[in-house]
Amino acid sequence: MAIIGIPSNHLNHPNPKHRTNYVDYTQQNYTAALREAGALPVVFPMGSPEEAAEYVNSVDAVLLIGGQDVGPLFYGEDPTPQMGETDRQRDLFELAIVAEARKQNKPLMGICRGAQFINVALGGTLIQDIDTQYTPENGNPIVKHDQFPVKWYEPTHRLDVLPDNFLTGTLGDNPIVNSFHHQGIKQLGADLQPAAFASDGTVEAYQSSDASVRAVQYHPEMMFERDKTHLRVFQDFVDYVNAQK
Ligand SMILES: [Mn+2]
């Protein structure tokens with residue numbers, strides 16, 4: 001059985017339930033999707049970079065999930081006024097996790113922030129705020145990439161899936177997906193190629209040449225319970241991980 005590690009998010013603001021007794025957490029739909037795909041999810045509590053080697057060594061693959069904005073200093077920019085919440089501890093921990101996964105040849109999948117983060121960790125850059133800083137080169141209007149308040153499981157924008165990648169043939173050529181991001185990929189990192197675009201040219205999925213790194217900007221984990229075709233991205237990753245073991 002493929003064991004897949006998920007670096008956690010953490011709740012580090014006072015809240016009515018836990019007050020300042022903060023918690024590390026992962027949304028259940030990520031672990032549910034991995035379980036449904038036949039994998040055993042393991043959550044890494046947010047730790048220090050020094051722990052990354054052992055954490056990665058304990059699993060067959062890593063899934064990086066959604067959350068805060070990626071700190072722009074990690075791709076060489078100061079923050080613009082549109083920057084949302086960032087979390088330096090999470091960035092530093094996940095940076096070490098990605099480096100160790102590459103070093104130990106463990107497959108990596110990213111979702112939303114995870115897609116943005118892996119790109120940055122592999123030398124890519126981000127658009128800090130699509131609505132204010134992006135002009136589509138193809139002349140199309142900017143797509144609404146943060147669909148809130150539309151429900152999280154509802155698909156709202158189309159993808160153009162490119163040939164010969166991990167998404168090709170899994171959802172059709174122009175699937176409709178959900179979208180909860182205000183940042184986007186600017187330059188892809190080393191050895192990464194786009195796998196799908198939105199109609200405004202935003203990179204919505206990418207992979208490495210050997211598909212050991214794969215990422216989607218949308219949230220299949222929020223959609224698979226209502227539309228089983230969206231389990232496929234998890235199933236294919238788990239199958240890939242099992243084949244590498
Ligand atoms: Mn989008």
Side-chain angles (χ1 to χ4, degrees), residues 9 27 29-30 33 63-70 72 75 80 82-86 108-122 124-163 165-189 192-207 213-227 229-234 236-237:
N9 200 342
Q27 285 90 348
N29 43 26
Y30 293 111
L63 171 64
L64 267 74
I65 61 171
Q68 301 87 342
D69 285 4
V70 181
Y75 49 93
T80 66
Q82 294 78 23
M83 186 177 79
E85 183 178 11
T86 59
L108 266 175
M109 186 159 108
I111 294 177
C112 198
R113 166 196 154 88
Q116 296 168 358
F117 191 86
I118 293 170
N119 180 51
V120 169
L122 299 181
T125 60
L126 301 180
I127 300 162
Q128 288 195 38
D129 183 65
I130 291 171
D131 289 357
T132 58
Q133 296 166 16
Y134 178 56
T135 305
E137 287 174 19
N138 62 17
N140 287 348
I142 292 177
V143 169
K144 182 173 170 65
H145 286 287
D146 184 352
Q147 74 185 44
F148 182 85
V150 176
K151 287 283 189 191
W152 40 272
Y153 49 79
E154 285 195 13
T156 61
H157 79 62
R158 288 169 298 168
L159 300 187
D160 289 321
V161 178
L162 304 179
N165 63 64
F166 75 101
L167 273 185
T168 310
T170 64
L171 299 168
D173 294 341
N174 296 110
I176 312 174
V177 298
N178 58 3
S179 195
F180 291 95
H181 57 114
H182 81 107
Q183 304 203 299
I185 285 158
K186 192 189 285 178
Q187 293 284 335
L188 280 167
L192 302 178
Q193 295 115 30
F197 292 108
S199 63
D200 59 5
T202 298
V203 175
E204 286 279 340
Y206 67 79
Q207 70 168 60
V213 178
R214 57 184 74 188
V216 293
Q217 183 63 73
Y218 70 101
H219 286 274
E221 84 285 359
M222 295 177 176
M223 304 179 77
F224 83 94
E225 285 176 324
R226 286 171 178 78
D227 179 351
T229 59
H230 288 287
L231 187 66
R232 182 74 184 270
V233 68
F234 294 99
D236 288 353
F237 183 62

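Atoms within each ligand, like the ligands themselves, are counted from 1 in listed order. Because the structure is predicted, anything quoted here is derived from the model rather than measured.
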*Would you give the angle at the Mn ion (ligand 1) between S179 atom OG and H145 atom ND1, to the nearest 10°?*
100°

_Only to 10 degrees, please: what angle do the NE2 atom of H157 and the OE2 atom of E204 make about the Mn ion (ligand 1)?_
90°

*E154 CD to I176 CD1 distance, which is reported to the nearest 0.5 Å*: 11.0 Å

*Say you draw a straight line from CD of Q27 to CH2 of W152; how long is it, rounded to the nearest 0.5 Å?*
10.5 Å

*For the residue pair H182 and D129, establish whether any side-chain heavy-atom pair is separated by less than 4.5 Å.*
yes

*For the Mn ion (ligand 1), find the closest N/O/S atom belonging to H181 and write down its atom name.*
NE2

*Mind checking whether the Mn ion (ligand 1) has an N, O or S of Q217 under 2.8 Å?*
no

_Smallest separation among heavy atoms of V150 and F180, with atom names_ = O-CZ, 3.8 Å

